[in-house]
K.L.:
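Take this structure, written in structure tokens, and hold onto it; I'll ask about it next.
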Amino acid sequence: MNLKARSVTALNGISNDVHSQFGSINGKYRKLSKGSWDSALPFPRVPTSLSVILVGAAAVVCYVNSLDGGFVFDDSEAIVNNEDLKPETPISNLLHNDFWGTRLTHNASHKSYRPLTVLSFRWNYWLAGGLHPRGFHLTNVALHATVSMLSLAIFNLLLGGACPRAALLAAVLFAVHPIHAEAVAGVVGRADLLCALFYFLAFIAYCSSLRLEWGVNQAVMLVLSMTLCAIAMFCKEQGITVIGLCSIYDIIVSAKWHPLRILRLLWRHLISQEKIMSPGHSEETADVTPSNCDTSTVQNNTWKEHNHRRHGYVNGELQLRPILLRHVVLLLSGLSLLFVRWRVMASAAPTFQRVDNPASFADSIFTRVMSYNYIYALNGWLLLCPEWLCFDWSMGCIPLVETVEPRVLAAILFWVILAMLIWRSLTLPSGRDQRNLTMSLAALVIPFLPATNIFFRVGFVIAERVLYLPSIGYCLLVVVGLRQFSTFCGTRRAIQIAYVYVIFVFSIRAAWRSAEWQTEAVLFRSGLSVCPLNAKVHYNIAKNAGDAGNRTLAVYEYREALRLHSEYDQAMNNLANILKDEGKLNEAEDLLRKAVELRPDFAAAWMNLGIVLAGLKRHSEAESSYFTALAYRKKYPDCYYNLGNLYLDQQRYEDAYRAWRNATTLKPTHTVAWSNMIIMLDSIDDVNMLGENPQTIRGNVGILLEASKAIGLEVNPEKTKYMIMSRDQNIVRNGTIKIGDLSFEEVEKFKYLGATVTNINGTREEIKHTINMGNACYYSVEKLLSSSLLSKNLKVRIYKTVILPVVLYGCETWTLSLREEQRLRVFENKVLRKIFGAKRDEVTGEWRKLHNTELHALYSSPDIIRTIKSRRLRWAGHVARMGESRNAYRVLVGRPEGKRPLGRPKRRWEDNIKMDLREVGYDGRDWSNLAQDRDQWRAYVRAAMNLRVP
């Protein structure tokens with residue numbers, strides 16, 4: 001028998017085996033015909049351009065009805081309520097916030113870092129001029145069509161090239177697969193679509209690098225591939241798995257190494273310490289020599305070079321080095337991306353609740369392992385038969401496998417099938433069939449690894465959009481199976497009918513499922529047929545019904561959700577809100593107290609409990625509930641609004657004003673808070689606004705104008721001024737600000753609630769103003785103070801009740817210097833001299849003014865400075881004992897950012913407090929803790945009042 005001869009030819013830099021095989025049959029030779037690998041498929045070859053059009057059209061037709069959909073389910077958190085999408089939000093926030101707009105360092109963050117996906121949402125928002133869902137859905141459909149068309153190239157590469165029929169069949173199946181409905185019809189599925197797009201591009205770039213000789217060009221393509229991999233990862237975490245697929249492709253398809261031979265190579269090298277040979281070399285295949293081959297290559301004395309190529313040598317060196325170098329690049333790139341991802345997550349894993357992924361919280365190893373494996377089997381079934389599709393699979397949708405039950409058989413069957421496929425890929429001889437099967441399994445398994453709970457806990461049980469990338473391997477596996485079936489069976493017509501039927505059914509199912517994602521009402525209802533035991537499905541139906549005004553259905557579904565999951569705190573909170581509106585306050589209170597008992601940091605439940613308690617007229621408990629809510633969520637404008645309503649019921653108007661101001665500061669568009677505040681302040685005729693720049697002021701004033709107009713009020717531009725407060729006195733002044741038809745004048749100082757506020761934040765102007773007001777009051781009663789008909793005690797009482805309160809208005813907040821103290825003493829001495837009159841000198845007999853010491857001796861009450869200091873200490877005690885939500889306390893403990901200007905620092909209000917305490921014998925350190933003891937602090941206040949300074 002003649003020896004089989006094998007030659008190696010190169011085409012476009014990739015080694016392609018061309019076998020010239022001849023067999024000996026009855027002494028005669030017969031040449032075996034050779035065609036493309038997919039020629040056995042009973043489908044015609046379609047031109048590439050037409051294939052692209054067919055795949056793109058199939059993808060669009062199945063999901064075009066999603067264009068009429070709105071924002072549903074997770075879209076509310078990721079898009080509607082995500083401030084990162086708005087143009088006024090700094091784009092740098094995308095680098096620090098997660099996919100849902102939460103700070104990555106926050107305890108509640110899911111650590112889903114996808115800034116490029118959020119950037120695409122922001123682009124949609126800017127392009128459409130707001131939250132218009134059609135543009136968002138159009139982008140998703142376009143991305144799915146693009147990915148589907150690009151999958152033609154991916155399938156062709158995975159199959160080793162020159163397989164247009166198989167690539168087209170797999171791409172059409174991928175384009176119409178119903179499992180993609182969540183990723184395409186749900187806007188948040190944009191993450192999977194963008195990830196798949198750059199995943200494919202990274203894989204294509206890596207495959208392109210393999211066609212180049214090792215050097216600069218290949219290194220550039222490798223860098224491009226890893227850059228696209230990083231982009232895919234920053235669209236969604238699955239993107240990093242392309243590194244594993246590139247590695248398998250490099251070894252199995254490009255190098256054509258058989259997995260078993262790789263294992264033998266490692267065994268010989270690591271255990272037997274034998275000389276390394278190419279994994280493609282087999283000891284059973286003899287070398288080609290001049291004596292056993294009659295090819296022209298060998299006859300021309302090139303048999304040594306021929307054998308070196310067969311054994312993996314070029315110029316006498318083994319061809320492992322380029323592959324090892326590429327894998328070093330893959331390994332370093334993967335480790336670098338994982339390190340960056342870990343640092344972005346603040347070096348902390350995300351935290352999830354038990355209801356998100358019950359199996360990962362199971363104490364029993366058996367329960368955890370069997371539940372995981374059953375979930376794997378169910379994912380495989382969804383790819384095979386996508387009939388059971390549900391928007392959410394948590395909260396009892398898939399009960400834990402805690403004992404040996406029929407579901408264990410499903411998990412075993414899944415692993416038996418997968419093991420058979422793996423075994424088949426290992427036992428097949430090296431060739432296209434073996435490589436294609438191996439790559440199908442790799443494309444199926446590798447992208448799914450992050451969702452397996454093996455490396456870390458995930459926040460879901462089953463997520464259909466996570467199967468978007470693994471479905472590539474499934475579609476490829478189906479086509480490989482079709483090809484094998486076509487090879488061994490001659491029923492070509494049956495195979496064609498079966499494939500067309502599957503495509504037709506999948507297309508109808510995909511379009512139907514896409515239509516279900518148009519509205520939340522239909523989407524949530526569709527989940528009942530799949531997961532009737534899922535409490536979250538009932539919860540979402542109830543929430544949607546409540547928003548639509550159907551309270552009867554909402555109450556029923558909330559109670560059903562609580563029946564299925566008795567510790568569902570969100571359902572308790574929402575049901576309590578409905579019961580509160582229906583006047584069932586006691587039942588609502590019971591539900592809310594249980595909710596905060598289950599989750600003590602549930603700020604919304606604490607706020608709603610405060611509303612219920614306020615309705616029950618238990619005001620002190622309601623206030624405590626509001627403060628607890630604010631302790632857990634400091635930036636909570638709705639809570640401040642309800643707190644203001646509570647204060648208004650108690651006629652605590654100043655506290656109500658502060659609460660509403662906090663609400664409007666945190667949320668300038670809080671129209672109801674603006675309205676309440678304007679109505680209350682209408683009699684006061686004073687409203688103030690703060691902003692860091694003119695744009696903020698313009699925006700807030702615009703909201704104020706709209707809120708005022710809604711309740712029949714107008715802003716008087718003659719009485720409305722604005723002022724710029726800055727250390728830099730050379731700052732550019734705008735003069736006036738125009739908002740609509742109104743112009744507002746810039747001033748250097750203005751009166752607010754009776755106090756003078758200046759642009760240098762000083763008290764000198766305020767003290768000067770109060771002294772002038774005191775003088776006006778003094779001159780109005782001067783005749784009474786000098787009258788001989790009134791006793792001196794009565795005149796002192798007039799001073800204390802008429803003049804002194806005018807001068808000391810707001811003195812608790814003054815920061816006094818020695819100059820201001822002297823001016824105030826001069827004013828008081830002038831009044832006292834008018835009261836006590838002149839004194840006749842006993843020696844000369846002449847009348848003279850009373851000296852200061854004589855005035856103090858006659859005026860038995862504390863002087864004006866001692867009064868100011870005692871009032872200031874009393875107010876300091878109040879501020880120190882305030883809660884963190886009060887503005888006065890926040891100003892006290894807050895520290896300004898930046899550096900102070902050069903020169904001696906100005907005296908602060910707190911410096912005055914410390915000086916006052918030192919005068920009465922306390923060193924002034926840690927005075928805020930001292931103020932917590934009311935009795936001891938009150939003693940210091942009295943001491944400051946009665947202290948006599950010589």
K.L.:
Looking at every heavy atom in both Met221 and Ala205, which two are closest together, and how far apart are they?
P.N.:
CE-O, 3.6 Å
K.L.:
I need the minimum non-hydrogen distance between Leu157 and Tyr249, along with the two atoms involved.
P.N.:
O-CE1, 3.0 Å
K.L.:
Looking at Arg435 and Lys256, would you say the former's side chain and the latter's main chain have a donor-acceptor pair under 3.5 Å?
P.N.:
no
K.L.:
Rounded to the nearest 0.5 Å, how far does SG of Cys229 lie from CZ of Phe198?
P.N.:
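The CZ atom of Phe198 sits 12.0 Å away from the SG atom of Cys229.
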K.L.:
With the side chain counted from C-beta on, respond yes when Val176 and Phe504 share a heavy-atom pair under 4.5 Å apart, and no when they do not.
P.N.:
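In short, these two side chains do not touch, never coming nearer than 4.5 Å.
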K.L.:
Nearest 0.5 Å, what's the CD1-OG distance between Ile495 and Ser486?
P.N.:
3.0 Å
K.L.:
Ignoring hydrogens and geometry, is there a side-chain-to-backbone donor-acceptor pair from Gln238 to Asp192 under 3.5 Å?
P.N.:
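Not confirmed, Gln238 side chain does not pair with Asp192 backbone.
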K.L.:
Return yes if some donor-acceptor pair links the side-chain N/O of Arg114 with the main-chain N/O of Ala191 below 3.5 Å, else return no.
P.N.:
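Looks like no, no N/O pair under 3.5 Å.
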K.L.:
Do Asn379 side-chain atoms and Ile375 backbone N/O form a donor-acceptor pair below 3.5 Å?
P.N.:
yes
K.L.:
What pair of heavy atoms forms the shortest contact from Asp363 to Arg368, and how long is it?
P.N.:
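Residues Asp363 and Arg368, closest heavy atoms: O-NH2, 3.7 Å.
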K.L.:
For Trp517 and Glu182, what are the C-alpha separation, side-chain angles and deciding distance, and is it a side-chain contact (heavy atoms from CB on, under 4.5 Å)?
P.N.:
CA-CA 8 Å; Trp517 274 87; Glu182 182 175 352; 3.4 Å; yes
K.L.:
For the residue pair Arg165 and Phe43, would you count it as a cation-pi contact if the rule is NZ or CZ under 6.0 angstrom from the ring centre and within 45 degrees of the ring axis?
P.N.:
no
K.L.:
Going through the distances and angles, do Ile251 and His327 end up as a side-chain contact (heavy atoms from CB on, under 4.5 Å)?
P.N.:
CA-CA 10 Å; Ile251 295 172; His327 277 72; 3.6 Å; yes
K.L.:
I need the Leu150 CG to Leu143 CG distance, nearest 0.5 Å.
P.N.:
11.5 Å
K.L.:
Check whether any side-chain heavy atom of Ser514 lies under 4.5 Å from a side-chain heavy atom of Val184, and answer yes or no.
P.N.:
no
K.L.:
Atom CG of Leu159 and atom CG of Asn436: how far apart are they, to the nearest 0.5 Å?
P.N.:
4.5 Å
K.L.:
To check you understand the geometry: which heavy-atom pair defines the closest contact between Ile462 and Trp393, and what is its length?
P.N.:
O-CD1, 3.3 Å
K.L.:
If only atom types and distance count, is the side chain of Ser425 paired as donor or acceptor with the main-chain N or O of Gln434 below 3.5 Å?
P.N.:
no
K.L.:
So Trp381 and Trp388, would you call those rings parallel, tilted or perpendicular, with 30° and 60° as cut-offs?
P.N.:
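Tilted.
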K.L.:
Using a 3.5 Å distance criterion without hydrogens, assess whether the side chain of Arg483 forms a donor-acceptor pair with backbone atoms of Trp37.
P.N.:
yes
K.L.:
Just say parallel, tilted or perpendicular for the rings of Tyr376 and Phe414, cut-offs at 30° and 60°.
P.N.:
tilted
K.L.:
Would you indicate whether Phe366, at its atom CZ, is surrounded by more than 12 heavy atoms from other residues, nucleotides or ligands within a distance under 6.0 Å?
P.N.:
yes
K.L.:
Using modelled atom types only, decide if a donor and an acceptor are shared between the side chain of Ser151 and the backbone of Ser148 within a distance under 3.5 Å.
P.N.:
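Checked: pair present.
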K.L.:
Could you tell me the separation between the CG atom of Leu332 and the CG atom of Leu337, rounded to the nearest 0.5 Å?
P.N.:
11.0 Å
K.L.:
How about His144 and Cys62: do any of their side-chain heavy atoms sit closer than 4.5 Å?
P.N.:
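Not touching, per the 4.5 Å side-chain cut-off.
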K.L.:
Please report the closest heavy-atom contact between Leu193 and Val147, naming both atoms and the distance.
P.N.:
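Nearest pair, atom of Leu193 first, then Val147: O-CG2, 3.7 Å.
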K.L.:
Short question: side chain of Asn140, backbone of Gly186 - any donor-acceptor pair under 3.5 Å?
P.N.:
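The answer is yes, because a donor-acceptor pair under 3.5 Å joins these two groups.
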K.L.:
Let me see the working for Trp257 and Ser430 under side-chain contact (heavy atoms from CB on, under 4.5 Å), right down to the final yes or no.
P.N.:
CA-CA 8 Å; Trp257 291 356; Ser430 182; over 6 Å; no
K.L.:
Within the structure provided, determine whether Pro259 and Ile252 are in side-chain contact (heavy-atom separation under 4.5 Å).
P.N.:
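Answer yes - side chains close enough.
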K.L.:
Please examine the side chains of Leu564 and Leu533, heavy atoms only from C-beta on, and report whether any two atoms are closer than 4.5 Å.
P.N.:
yes
K.L.:
Taking salt bridge (charged side-chain N to carboxylate O under 4.0 Å, His left out) as the definition, give me every residue that meets it alongside Arg341, ordered by chain and number, with sequence neighbours left out.
P.N.:
Glu237
K.L.:
Only one of Glu464, Arg513, Arg465 forms a side-chain contact (heavy atoms from CB on, under 4.5 Å) with Ile179, so which one is it?
P.N.:
Glu464
K.L.:
Compare all side-chain heavy atoms of Ile472 with those of Leu158 and state whether any distance is below 4.5 angstrom.
P.N.:
yes
K.L.:
Side chains of Thr48 and Pro164, heavy atoms from C-beta outward: is any pair under 4.5 Å?
P.N.:
no
K.L.:
Would you say the ring centers of Phe174 and Tyr468 fall short of 6.0 Å from each other?
P.N.:
yes
K.L.:
Please say whether more than 12 non-hydrogen atoms of neighbouring residues, nucleotides or ligands are located less than 6.0 Å from CG in Leu324.
P.N.:
yes
K.L.:
Applying side-chain contact (heavy atoms from CB on, under 4.5 Å), can you list everything that pairs with Thr367, at least two apart in sequence or on another chain?
P.N.:
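Checked Thr367 against side-chain contact (heavy atoms from CB on, under 4.5 Å); matches are Ala362, Ser364, Ser371, Leu400, Glu402.
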K.L.:
Any luck finding a side-chain donor-acceptor pair between Tyr206 and Asp250 under 3.5 Å?
P.N.:
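Short answer, yes.
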K.L.:
Would you check if the side chain of Asp74 reaches a backbone N or O of Val188 as a donor-acceptor pair within less than 3.5 Å?
P.N.:
no
K.L.:
Spell out, with a plain yes or no, whether Cys235 and Cys195 have SG atoms under 2.5 Å apart.
P.N.:
no
K.L.:
Quick check, are the ring centers of Tyr474 and His177 under 6.0 angstrom apart?
P.N.:
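Yes - the distance between ring centres of Tyr474 and His177 falls below the 6.0 Å cut-off.
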K.L.:
Side chains of Val466 and Phe460: does their closest heavy-atom pair fall under 4.5 Å?
P.N.:
yes
K.L.:
If I compare all heavy atoms of Leu41 with all of Leu482, which pair ends up nearest, and what's the gap?
P.N.:
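Heavy atoms of Leu41 and Leu482 come nearest at CD2-C, 3.9 Å.
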K.L.:
Looking at Leu245, Ile240, Thr241, which one forms a side-chain contact (heavy atoms from CB on, under 4.5 Å) with Pro447?
P.N.:
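Among Leu245, Ile240, Thr241, the one that satisfies the side-chain contact (heavy atoms from CB on, under 4.5 Å) with Pro447 is Thr241.
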K.L.:
Run the side-chain contact (heavy atoms from CB on, under 4.5 Å) check on Lys236 and Thr117 step by step: do they pass?
P.N.:
CA-CA 8 Å; Lys236 191 172 182 178; Thr117 303; 5.7 Å; no
